[in-house]
Each structure stands twice: as C-alpha cells, then as structure tokens.
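We count residues from 1, following the sequence as given.
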Amino acid sequence: MTDNYLWKDKKHHLWFPISFTTYYIEDDRLMIREGFFNTTLDETLLYRIVDLTFRQTLAGKIFGTGDIILKTKVDATPEITLRNIKRPMEVRRLLSQTIEECRQSRNVVGKEFYGGPSHEHEHVDADDDGCCDIDHRPM
C-alpha cells in the first residue's frame, strides 16, 4: 500500500497522536480507520460533504488541536467528526478547497444536495408549436 495521501492525521490526546483512529484523504475520499484488533474503515466521497464546522476548546488552542464536523449527504453517516486533529484550521481550508474541486470535476451542483425542485411536482404544458414549458407549481 502506497502513502499517496493528500492529508493524513491521527486523533490526538493533548498533543500526542496516540490513538487507533487515523483520518486521511485519498482519491477524492475521506477515509477513517479505527481500531486495533478489530478495524473499521469508513469511506465518504468528498463531493457528498455539504457543510464544515470548526470547533476548538481552550485545551485545543493550547495544544494546537481541534475538531472538524462534517455534514454529509449520506444516509449511513450524516455527520462525521474528525476529533482532535492537529492544525485544524489548515485542514478545514484544505477540505473545503478539495471538496469544491471534487464537485467541479464531477459537475455536481448544489441543487442535487440541497433539495432543488423535484420532478414529481412539475407540470408540463405543450405550446401550439409542440415546445414544452415546465411549471414548478405544486399540483
């Protein structure tokens, strides 16, 4: 396995990365590996992340760690927390930029995530010349 990661860190205790939880970005995916004897690998496509929140306690400010809370458009894990990572503001900026790049490369637009108009409530009228107009009024 190669270490071709855009970013990688472990969950920290104070400033020590003594943990069996590892976070990394690989191939447009956020990966969270947890456990020692039993290992779980959770994968989230970056373009499915819709919101980032930064949180830092006083101890986090002293030791240079913090949390990033990610809201996702995923049924299994709608909220992911990267706990006690080092340089959390830099990581938040990197995540934000990488998420936007992933969306642009996949031509994903906001309405696919934020509940744009659905097709089940559209009303279609045909004009005299055969063209169709879509009316987004509820039926």
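Between the Thr72 side chain and the Ile80 main chain, no donor and acceptor come within less than 3.5 Å of each other.
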Could you go through the side chain to side chain contact (heavy atoms under 4.5 Å, CB included) check for Leu30 and Leu46 one step at a time?
CA-CA 6 Å; Leu30 173 65; Leu46 289 175; 4.0 Å; yes
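Taking Arg55 as the reference, Asp67 meet the side chain to side chain donor-acceptor pair (under 3.5 Å) condition, with sequence neighbours excluded. A search for side chain to side chain donor-acceptor pair (under 3.5 Å) contacts involving Gln104 returns nothing, not counting sequence neighbours. Gln56 pairs by the side chain to side chain donor-acceptor pair (under 3.5 Å) definition with nothing, not counting sequence neighbours. Scanning for ring pair (Phe, Tyr, Trp, His ring centres under 6.0 Å) contacts around Phe37 gives an empty result, with sequence neighbours left out.
Residues Ile85 and Trp7 are in side-chain contact: their nearest non-hydrogen atoms beyond the backbone lie under 4.5 Å apart. At a threshold of 4.5 Å between non-hydrogen side-chain atoms, the residues Ile32 and Leu82 count as touching. Counting only heavy atoms from C-beta outward, the side chains of Ile68 and Thr81 never approach each other to under 4.5 Å.
Under a 4.0 Å N-O distance rule, the pair Arg103/Glu100 qualifies as a salt bridge.
Side-chain heavy atoms closer than 4.5 Å link hydrophobic residues (I, L, V, M, F, W, Y) into clusters, and following such links, even through other members, never connects Tyr23 to Val74. Cluster annotation: Met31 and Tyr5 are assigned to the same hydrophobic cluster (Ile/Leu/Val/Met/Phe/Trp/Tyr, side-chain heavy-atom contacts under 4.5 Å, transitive).
Nearest heavy atoms, Gly64 versus Pro88: O-CD, 3.8 Å.
To the nearest 0.5 angstrom, Arg33 atom CZ is 6.0 Å from Lys8 atom NZ. How far CZ of Phe36 is from OG1 of Thr21: 13.0 Å, rounded to the nearest 0.5 Å. The SG atom of Cys102 lies 9.5 Å from the CZ atom of Arg29; values are rounded to the nearest 0.5 Å.
Among pairs with a residue in residues 77-86, those fulfilling salt bridge (Lys or Arg N to Asp or Glu O under 4.0 Å) read Lys71-Glu79, at least two apart in sequence or across chains.
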Donor-acceptor contacts under 3.5 Å from residues 89-99 side chains, at least two apart:
| residue | atom | partner | partner atom | Å |
| --- | --- | --- | --- | --- |
| Glu90 | OE1 | Arg87 | NE | 3.2 |
| Gln97 | NE2 | Glu101 | OE2 | 3.3 |
| Thr98 | OG1 | Leu94 | O | 2.7 |

